[in-house]
Amino acid sequence: MKWKRLGISLLCFQLVVVLGLSIASAEEKKIDQVDLTPSAKSAILLDVDTGTVIQEKNGDEKLPPASITKIMTMLLIMEAIDQGKIKMEDKVRTSEYAASMGGSQIFLEPGEEMSVKEMLKGIAMASGNDASVAMAEKIAGSEEVFVQMMNERAKQLGMNNTHFVNCNGLPAANHYSTAHDIAIMSRALLQHPEITQYTGVYQDYLRKDSVKPFWLVNTNKLVRFYAGADGLKTGFTVEAKFCLSATAKRDGLRVIAVVLGEPDTKTRNAEVSKLFDYAFSQYMSYPLIKTGDSLGNFKVSKGKSATVPLTAKHPYSILLKRGEASEGIRHELQLQPKLKAPIKMGQPIGKIVVYKGDQLLKEFPLESPVQVNKANWWVLMKRTVSHLFSVG
């Protein structure tokens with residue numbers, strides 16, 4: 001009986017210890033995951049350089065994104081400019097269909113022409129539904145084809161819980177996204193840093209020199225009232241409520257905060273500000289590579305160009321907790337072996353790998369900055385002969 005009582009006592013003690021540890025663990029988890037956005041249906045806080053998720057709440061819940069949809073519209077515009085398909089100075093003619101859009105608009109008249117730059121201002125600042133459709137038609141010929149492009153781009157970016165039905169976010173069945181997916185496309189848009197010249201301006205004009213100048217006031221008030229905020233896009237419909245994908249940068253650290261389903265603009269802005277405050281007070285960006293820095297080069301077997309230089313198109317950094325030691329952080333270029341022509345522009349060719357001592361911290365994918373076609377037999381023969389003489 002004595003041993004039995006002792007066994008029961010030991011079992012009870014173990015249970016108390018286990019329960020105590022479980023409660024302590026739960027309390028720690030609760031402290032780590034304080035809900036900074038209690039009024040939002042969904043939210044996420046993301047470091048732009050690394051893609052690290054700092055805070056998340058219902059990040060994969062499918063919800064109507066309202067005008068945050070226009071982030072994808074702006075992304076396709078910026079990519080079309082990069083690809084030389086359109087220029088900022090190109091004129092865009094407004095169709096009757098584009099002019100018929102309701103909701104937020106810049107009041108385009110059928111047949112009216114504006115430059116791509118002016119249309120982009122109208123989308124970024126005033127959330128112009130009419131300007132969005134006009135640009136969709138300019139790039140793709142019709143909104144329907146442009147929306148197909150939007151969905152294809154979303155798939156390429158890994159936005160697995162997103163489906164677009166239009167280019168402006170007006171209410172439509174089966175038009176949805178998530179906070180996580182919106183953060184992904186926001187990060188992609190910020191790979192075009194010039195976009196903040198539009199999303200970060202508080203006020204401007206369209207038709208400035210005409211008899212009917214149109215005053216633009218940014219729907220995102222944080223660009224005026226939060227230090228470092230310079231984008232990206234607000235959204236509102238009765239179904240979606242108040243939404244925002246915002247970005248801010250301080251001391252080299254750029255973050256994205258997305259909130260969906262907020263009850264009003266005041267709460268939306270306050271909760272995004274809380275996310276920003278948390279990021280900037282708790283984290284720092286440790287720079288590794290600056291824009292324009294040489295990353296080395298890669299060799300292409302049987303390519304028209306035998307060697308291709310690699311230059312950083314954007315800065316690379318890692319996210320550290322404030323006060324965390326940075327000693328021992330290093331990075332190296334790891335290229336795929338035996339790269340062979342043809343190589344497509346944007347084709348994966350390797351990665352930048354970041355270590356702290358022997359610990360792997362981060363991997364950044366690398367893509368070919370150019371297309372490398374196959375060399376013809378004459379080029380290959382000259383290269384072989386040159387190599388033989390150089391060896392001799």
Side-chain angles (χ1 to χ4, degrees), residues 32-75 127 150-151 153-165 168-169 171-172 174-191 195 199 219-220 222 226 229-249 253-280 282-283 319:
D32 288 342
Q33 297 184 349
V34 173
D35 188 0
L36 298 174
T37 57
S39 299
K41 287 184 180 178
S42 178
I44 197 168
L45 177 64
L46 182 96
D47 169 45
V48 171
D49 282 354
T50 64
T52 303
V53 175
I54 300 170
Q55 287 263 323
E56 188 169 12
K57 170 186 173 181
N58 303 327
D60 292 324
E61 183 178 348
K62 295 176 182 177
L63 294 166
S67 282
I68 289 182
T69 298
K70 296 183 177 87
I71 290 174
M72 180 60 81
T73 300
M74 290 190 285
L75 175 60
S127 196
M150 292 170 71
N151 285 315
R153 191 69 180 99
K155 195 175 294 182
Q156 290 168 3
L157 289 169
M159 297 167 60
N160 300 320
N161 293 303
T162 293
H163 184 261
F164 298 115
V165 173
N168 46 34
N174 208 32
H175 186 100
Y176 57 83
S177 190
T178 68
H180 186 263
D181 282 1
I182 289 166
I184 290 173
M185 70 174 177
S186 299
R187 187 180 178 220
L189 180 58
L190 286 167
Q191 297 302 311
I195 194 64
T199 62
T219 55
N220 179 10
L222 289 180
Y226 192 93
D230 53 5
L232 276 169
K233 192 70 200 70
T234 59
F236 169 77
T237 63
V238 173
E239 181 188 16
K241 296 188 177 180
F242 294 86
C243 308
L244 175 60
S245 178
T247 184
K249 184 177 182 179
L253 174 61
R254 179 176 285 283
V255 293
I256 292 165
V258 180
V259 292
L260 302 177
E262 294 278 18
D264 52 60
T265 54
K266 185 177 179 181
T267 305
R268 177 183 72 186
N269 293 346
E271 294 197 345
V272 166
S273 296
K274 273 187 179 181
L275 290 173
F276 283 161
D277 288 345
Y278 177 76
F280 295 131
Q282 299 299 310
Y283 292 89
L319 188 69

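What you see is a predicted model; the values in this text were computed from it and never measured.
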**Polar side-chain atom of Asn220 near backbone of Gly231 as donor-acceptor pair, under 3.5 Å** = yes
**Prompt:** With Lys57, which residues qualify under salt bridge (charged side-chain N to carboxylate O under 4.0 Å, His left out), at least two apart?
**Reply:** Asp35
**Request:** Could you tell me which non-hydrogen atom of Gly261 sits nearest to which non-hydrogen atom of Cys243, and how far apart they are?
**Result:** N-SG, 3.8 Å
**Item:** With sequence neighbours excluded, residues passing side-chain hydrogen bond (donor to acceptor under 3.5 Å, both in side chains) with Thr237
**Value:** none
**Intermediate values then yes/no, side-chain contact (heavy atoms from CB on, under 4.5 Å), Lys41 and Asn58** = CA-CA 7 Å; Lys41 287 184 180 178; Asn58 303 327; 5.8 Å; no
**Request:** Please report the C-alpha distance between Ser127 and Lys233 in whole Å, then the side-chain angles of each, then the deciding distance to 0.1 Å, and finally whether the side-chain hydrogen bond (donor to acceptor under 3.5 Å, both in side chains) criterion is met.
**Result:** CA-CA 8 Å; Ser127 196; Lys233 192 70 200 70; 2.8 Å; yes
**Request:** With rounding to the nearest 0.5 Å, note down the distance linking CG in Leu189 to CE in Met74.
**Result:** 5.5 Å
**Item:** Chi angles and distances behind the side-chain contact (heavy atoms from CB on, under 4.5 Å) call for Ser67, Thr234
**Value:** CA-CA 6 Å; Ser67 282; Thr234 59; 5.7 Å; no
**Residue list, side-chain hydrogen bond (donor to acceptor under 3.5 Å, both in side chains) with Asp181, at least two apart or on another chain** = Thr162
**Prompt:** By salt bridge (charged side-chain N to carboxylate O under 4.0 Å, His left out), which residues pair with Arg153, not counting sequence neighbours?
**Reply:** Glu79
**Request:** Identify the two heavy atoms, one from Leu275 and one from Ile44, that lie closest to each other, and give their separation to 0.1 Å.
**Result:** CD1-O, 4.2 Å
**Request:** Hey, could you give me the CG/CG distance between Leu190 and Asp230, rounded to the nearest 0.5 Å?
**Result:** 7.5 Å
**Asked** Restricting to pairs with a member in residues 253-274, which pass ring pair (Phe, Tyr, Trp, His ring centres under 6.0 Å), not counting sequence neighbours?
**Response** none
**Asked** Of the non-hydrogen atoms in Ile184 and Gly158, which two are nearest, and what is the gap between them?
**Response** CD1-O, 4.0 Å
**Request:** List in chain and number order the residues that pass side-chain hydrogen bond (donor to acceptor under 3.5 Å, both in side chains) with His175, two or more places apart in sequence or in another chain; answer none if no residue qualifies.
**Result:** Thr69
**Ile71 side, atom CD1; Ser245 side, atom OG - distance, nearest 0.5 Å** = 4.0 Å
**Fill in**
Across all chains, not counting sequence neighbours, the side chain to side chain contact (heavy atoms under 4.5 Å, CB included) partners of Tyr283 are Ile54, Leu253, Tyr278, Leu319, Lys321
**Complete:** Applying ring-ring contact (aromatic ring centres under 6.0 Å, His included) to Phe280 and not counting sequence neighbours gives none
**Item:** Inter-residue atom distance Lys70.NZ - Asn168.CG, 0.5 Å rounding
**Value:** 5.5 Å
**Prompt:** Does any non-hydrogen side-chain atom of Leu260 lie less than 4.5 Å from one of Ile182?
**Reply:** yes
**Request:** Please name the pair of heavy atoms, one in Met185 and one in Ile68, separated by the smallest distance, quoted to 0.1 Å.
**Result:** CE-O, 3.5 Å
**Message:** Between Lys274 and Thr37, is there a side-chain heavy-atom distance shorter than 4.5 Å?
**Reply:** no
**Request:** Applying ring-ring contact (aromatic ring centres under 6.0 Å, His included), name anything that partners Tyr226, two or more places apart in sequence or on another chain.
**Result:** Phe276
**Item:** Residue pairs fulfilling side-chain hydrogen bond (donor to acceptor under 3.5 Å, both in side chains) with at least one residue in residues 261-272, sequence neighbours excluded
**Value:** Ser39-Glu271, Asp264-Thr267
**Prompt:** OG1/Thr178 to CD/Glu56 distance, rounded to the nearest 0.5 angstrom?
**Reply:** 8.5 Å
**Item:** Which residues share a salt bridge (charged side-chain N to carboxylate O under 4.0 Å, His left out) with Asp47, sequence neighbours left out
**Value:** none
**Item:** Shortest non-hydrogen contact between Ala246 and Val272, atoms and distance
**Value:** CB-CG1, 3.8 Å
**Prompt:** Once you round to the nearest 0.5 Å, how far does CG of Leu232 lie from CD1 of Ile195?
**Reply:** 8.0 Å
**Message:** So, using side-chain hydrogen bond (donor to acceptor under 3.5 Å, both in side chains) as the criterion, who are the partners of Asp49 when residues are at least two apart?
**Reply:** Ser317
**Item:** Distance-minimising heavy-atom pair for Asp60 and His180
**Value:** OD1-CB, 3.6 Å
